[in-house]
*Asks:* 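Structure provided below as structure tokens; questions to follow.
When a ligand or atom number is given, it counts from 1 through the structure's own listing order. Because the structure is predicted, anything quoted here is derived from the model rather than measured. As a basis for the values below, the full set of heavy atoms in this structure was taken, side chains included, without hydrogen atoms, waters or symmetry mates. Residues take their numbers from the sequence shown, with the count starting at 1.
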Amino acid sequence: MTTLLIAEHDHAILKDSTNKALTAASQLGAEVHVLVAGGGEGTKAAAEAASMLAGVTKVLVADDALYAHDLAEPLAALLVALAPNYDALVAPATSRFKNVMPRVAALLDVMQVSEIIKVIAPDTYERPIYAGNAIQTVKSKDAKKVITVRTSTFAAAPGEGGSAAIESVAAAGDPAVSSFVGEEVAKSDRPELTSAKIIVSGGRAMQSRENFTKYIEPLADKLGAGVGASRAAVDAGYAPNDWQVGQTGKVVAPELYVAIGISGAIQHLAGMKDSKVIVAINKDEDAPIFQVADYGLVADLYQAVPELTEALGKL
Ligand code: FAD
């Protein structure tokens, strides 16, 4: 039995989601190899970081222009080519792998087990369904498992202590059904949402992009927090798409989640209700967010948030 974990990285730095998915992959009980697929100079650095992960026995590196821009189709073809050597293919349930892994499962003609939150046995897992309102236990009879991991529920494996051998693997053929056109990458000094210990999120009540900048971001910066948003705020153009928290956004479980002007719709709760401490600021005392909040403030955010930011500045 061997498990192949596909690494999430930004073509230089290995992402924390890889360490978390490694914890789940290790619980399958088999030897774990890590695949680092990329193109260019940073791939080597990411592979070296992967080789230091505790519990990894081998790192495969596919360094080829085909994998330089995270196109799903060539990466899926590579995984299918490597699949005969593995019993399970595991990846974190990030946007990138939500695009790749279903293709792999379809090409291998097996089912994908999505967003597992617990490994019960090598073939049996728990995963949330109905926007997190029920937990399903899935037993897979497929000889080859294709699994994505909800990283917010697994602790990160240590990034040091390992010394796995690094081995190059040849690129698989290009399915030639997609090509890279361009990308716009938002640069931010704030922590990434999925690894942030504190998140400050704004909802529809923010009314504009400018108000996010004026009210939410200064509070986030005082707390060293990542910035999130409800889908209503994203759809209205007040916040970028990759800030969305929820069923169709990111699933987060920080130490502290501050929801500002967010009603607490079930689809939003699906993405943040496992946060350790939830604080809500809302002017409607009957807003559903208060049912999950540990601390609630019934107030107008345009008054309360600047006061809070100022008070934090005095600490
Ligand atoms: P609203 O529901 O409009 O709430 C705004 C809140 O702000 C209200 O509670 C109001 O009392 C409060 N408020 C207004 N003014 C002030 C003020 N001055 N001070 C303080 N409080 C104020 N939503 C997500 O967030 N993430 C998802 O991933 C997601 N996925 C979805 C998937 C599907 C299939 C569907 C159908 C919906 C999904 N939604 C998702 C949308 C979800 O149902 C809600 O519409 C959305 O979360 C509402 O966003 P909101 O709380 O910002 O807005």
Side-chain angles (χ1 to χ4, degrees), residues 17 92-99 102 114-115 117 127-134 136 148 150-153 192-194 196 198-220 223 225-254 256-275 278-312:
S17 53
T94 55
S95 311
R96 181 188 190 194
F97 292 118
K98 283 178 185 173
N99 194 3
S114 305
E115 304 218 19
I117 56 170
R127 58 181 296 271
I129 55 171
Y130 303 130
N133 284 301
Q136 180 183 49
T148 65
R150 180 168 284 193
T151 50
S152 59
T153 55
E192 255 192 77
L193 268 188
T194 46
I198 303 177
I199 294 175
V200 178
S201 281
R204 197 197 309 265
M206 296 320 301
Q207 297 175 348
S208 69
R209 180 73 187 93
E210 290 70 34
N211 282 343
F212 255 89
T213 309
K214 192 171 165 191
Y215 294 93
I216 299 290
E217 295 181 39
L219 176 58
L223 292 167
V227 177
S230 71
R231 176 161 158 183
V234 170
D235 286 352
Y238 308 159
N241 196 275
D242 61 348
W243 288 5
Q244 186 179 317
V245 171
Q247 186 186 336
T248 41
K250 292 191 171 130
V251 178
V252 297
L256 172 64
Y257 187 89
V258 186
I260 299 174
I262 292 178
S263 60
I266 187 172
Q267 296 90 353
H268 189 79
L269 300 186
M272 47 61 76
K273 68 177 165 39
D274 291 331
S275 304
I278 298 172
V279 173
I281 302 175
N282 196 303
K283 68 177 184 185
D284 174 8
E285 63 179 26
D286 294 324
I289 191 78
F290 288 129
Q291 289 168 19
V292 296
D294 299 283
Y295 299 93
L297 179 63
V298 180
D300 183 340
L301 75 91
Y302 292 102
Q303 195 186 333
V305 173
E307 283 176 9
L308 181 57
T309 309
E310 197 192 331
L312 284 167

*Asks:* If we count only N and O atoms by modelled type, under 3.5 Å, do the side chains of Arg127 and Gln136 hold a donor and an acceptor together?
*Replies:*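 Yes, side-chain donor-acceptor contact under 3.5 Å.
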*Asks:* Can you report which non-hydrogen protein atom sits closest to atom 19 (N) of ligand 1, along with the distance?
*Replies:* Leu301 N, 2.9 Å
*Asks:* What protein heavy atom lies closest to atom 27 (C) of ligand 1? Include the residue and the distance to one decimal.
*Replies:*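 Answer for atom 27 (C) of ligand 1: Gln244 NE2, 3.3 Å.
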*Asks:* Would you say that Met272 contacts Ile199 through its side chain, given a criterion of any heavy-atom pair below 4.5 Å between the two side chains?
*Replies:* no
*Asks:* Write out the residue and atom name of the closest protein heavy atom to atom 11 (O) of ligand 1, then the distance separating them to 0.1 Å.
*Replies:* Asn282 OD1, 2.8 Å
*Asks:* Considering only the protein, which heavy-atom contact is closest to atom 36 (C) of ligand 1, and what is its distance?
*Replies:* Gln267 NE2, 3.8 Å
*Asks:* Report the part of Ala265 (side chain from C-beta onward, or backbone N, CA, C, O) that has a heavy atom under 4.0 Å from ligand 1; answer both or neither where that applies.
*Replies:* side chain
*Asks:* May I ask you to identify the nearest protein heavy atom to atom 31 (C) of ligand 1, giving residue, atom name and distance to one decimal place in Å?
*Replies:*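 So the nearest neighbour among protein heavy atoms is Arg231 NH1, 3.1 Å.
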*Asks:* Among all protein non-hydrogen atoms, which one is nearest to atom 52 (O) of ligand 1, and what is the separation to 0.1 Å?
*Replies:*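 That would be Ser230 OG, 2.6 Å.
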*Asks:* Given 3.5 Å as the limit, does a donor-acceptor pair link the side chain of Tyr238 with the main chain of Ala232, or not?
*Replies:* no
*Asks:* Would you mind running through ligand 1 and noting each atom that sits below 4.0 Å from a heavy atom of Gly246?
*Replies:*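 Taking each heavy atom of Gly246 in turn, ligand 1 has 26 (N), 27 (C), 28 (O) under 4.0 Å.
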*Asks:* Tell me if a side-chain donor or acceptor on Ser230 pairs with a main-chain N or O of Ile262 at a distance below 3.5 Å.
*Replies:* no
*Asks:* Within the side chain of Asn211, is there an N or O that forms a donor-acceptor pair under 3.5 Å with the backbone of Met206?
*Replies:*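 Looks like yes, one N/O pair under 3.5 Å.
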*Asks:* Name the closest protein heavy atom to atom 6 (C) of ligand 1, giving the residue it belongs to and the distance to 0.1 Å.
*Replies:*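 Of the protein heavy atoms, Gly261 O, 3.4 Å lies nearest.
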*Asks:* Under 4.0 Å, heavy-atom basis, I'd like to know which part of Ala299 is in contact with ligand 1: side chain, backbone, both or neither.
*Replies:*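 Ala299 to ligand 1: backbone contact only, side chain stays beyond 4.0 Å.
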*Asks:* Using only atom types and a distance under 3.5 Å, with no angle test, would you say the side chain of Lys283 pairs donor to acceptor with the backbone of Leu301?
*Replies:* no
*Asks:* Would one find an N or O of Val245, backbone or side chain, under 3.5 Å from an N or O of ligand 1?
*Replies:* yes
*Asks:* Are there over 12 heavy-atom neighbours, none belonging to Lys98, within less than 6.0 Å of that residue's NZ?
*Replies:*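 Yes, because the 6.0 Å sphere around NZ of Lys98 holds more than 12 heavy atoms from other groups.
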*Asks:* Should one rank Pro288, Ala205, Ala232 by closest heavy-atom distance to atom 49 (O) of ligand 1, which comes out on top?
*Replies:* Ala232
*Asks:* Identify, by atom number and element, the atoms of ligand 1 in contact range of Gln247, meaning under 4.0 Å from any of its heavy atoms.
*Replies:* 27 (C), 28 (O)
*Asks:* Identify, for atom 30 (N) of ligand 1, the protein heavy atom at the shortest distance, and state residue, atom and that distance.
*Replies:*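 Heavy-atom neighbour on the protein nearest atom 30 (N) of ligand 1: Thr248 OG1, 2.6 Å.
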*Asks:* Taking the side chain from Ser275 and the backbone from Ile278, do they hold a donor-acceptor pair closer than 3.5 Å?
*Replies:* no
*Asks:* Give the atom numbers and elements of ligand 1 that come within less than 4.0 Å of a heavy atom of Gly203.
*Replies:* 52 (O)
*Asks:* Relative to the heavy atoms of Tyr302, which atoms of ligand 1 are at a distance of less than 4.0 Å?
*Replies:* 18 (N)
*Asks:* Between Leu256 and Val258, what is the shortest heavy-atom contact and its length?
*Replies:* CG-CG2, 4.0 Å
*Asks:* Using a 4.5 Å cut-off on heavy atoms from C-beta on, say whether the side chain of Val251 contacts that of Arg150.
*Replies:*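 Yes, at least one pair of side-chain atoms sits under 4.5 Å.
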*Asks:* Show me which atoms of ligand 1 lie under 4.0 Å from any heavy atom of Gly249.
*Replies:*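 Atoms satisfying the 4.0 Å criterion: 28 (O).
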*Asks:* Just jot down the ligand 1 atoms closer than 4.0 angstrom to any heavy atom of Asp300, in number order.
*Replies:* 17 (C), 18 (N), 19 (N)
*Asks:* Just say parallel, tilted or perpendicular for the rings of Tyr215 and Tyr302, cut-offs at 30° and 60°.
*Replies:*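 Perpendicular.
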